[in-house]
Amino acid sequence: MSRDTRPVSWVKAARKAFEKFPEGAQIEVLRALTVAAEGGKADIAKPMKGLGSGVYEIALKFRTDAYRAVYALQIDDAVWVVHAFQKKSRTGIKTPKHEVDLIKERIKMLKEMLR
């Protein structure tokens, strides 16, 4: 049985931020995105609450830092990476509000762009 692998597309700003991640962190995030593109869900990916279905956050602890990449599945037929950032917040595991707002804004823009 062959599965269709979806393309992984990037919002330009997310790609630029991702490219600043350490190489080891990039490899782990790309591995998780590959799983998503093949129709699965990596262990380090979890649904993001409050953003509708099909929006996932890859949460990666790498060395002493935390990295996040957010992707959306419900926009055209690709896996869209809408945001990537190094989590600096010391307020526990919650994603900072300004990051969530940015993610919502990018998803909205993408949907309008791809109509």
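Nothing here was measured: the structure is a model prediction, and the numbers come from that model. Sequence positions, counted from 1, serve as the residue numbers for this chain.
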Task: Distance-minimising heavy-atom pair for W80 and I75 - done: CD1-O, 3.5 Å
Suppose clustering is done on Ile, Leu, Val, Met, Phe, Trp and Tyr with side-chain heavy atoms closer than 4.5 Å. Which residues sit in the same group as [X]?
| X | value |
| --- | --- |
| L102 | none |
| F62 | V8, W10, F18, F21, V29, L30, L33, I44, Y56, I58, L60, Y67, Y71, L73, V79, V81 |
| I27 | none |

Open item on the list: Once ring-ring contact (aromatic ring centres under 6.0 Å, His included) is applied, what residue pairs with a partner in residues 96-115 remain, sequence neighbours excluded?
Closed with: none
Task: ILVMFWY network linking M48 to M109, side-chain heavy atoms under 4.5 angstrom - done: no
TODO: Sort and list the pairs that fulfil side chain to side chain donor-acceptor pair (under 3.5 Å) and have at least one residue in residues 23-35, not counting sequence neighbours.
DONE: E28-R31
Strictly distance-based, threshold 3.5 Å: is any side-chain N or O of [X] a donor or acceptor partner for the main-chain N or O of [Y]?
| X | Y | result |
| --- | --- | --- |
| R68 | A84 | no |
| R6 | A37 | no |
| K61 | D65 | no |

- [ ] Decide whether S53 and Q74 meet the rule of one side-chain donor and one side-chain acceptor closer than 3.5 Å.
- [x] no
Task: Sequence neighbours excluded, every pair satisfying salt bridge (charged side-chain N to carboxylate O under 4.0 Å, His left out) that has a member inside residues 98-115 - done: K97-D101
Open item on the list: Rounded to the nearest 0.5 Å, what separates atom OG in S9 from atom CG in D76?
Closed with: 6.5 Å
Task: Set of side-chain hydrogen bond (donor to acceptor under 3.5 Å, both in side chains) partners for R15, sequence neighbours left out - done: E19
Open item on the list: If the condition is side-chain hydrogen bond (donor to acceptor under 3.5 Å, both in side chains), which residues does K49 pass it with, not counting sequence neighbours?
Closed with: none
Task: Exceeds 12 heavy-atom contacts within 6.0 angstrom, atom NZ of K16 - done: no
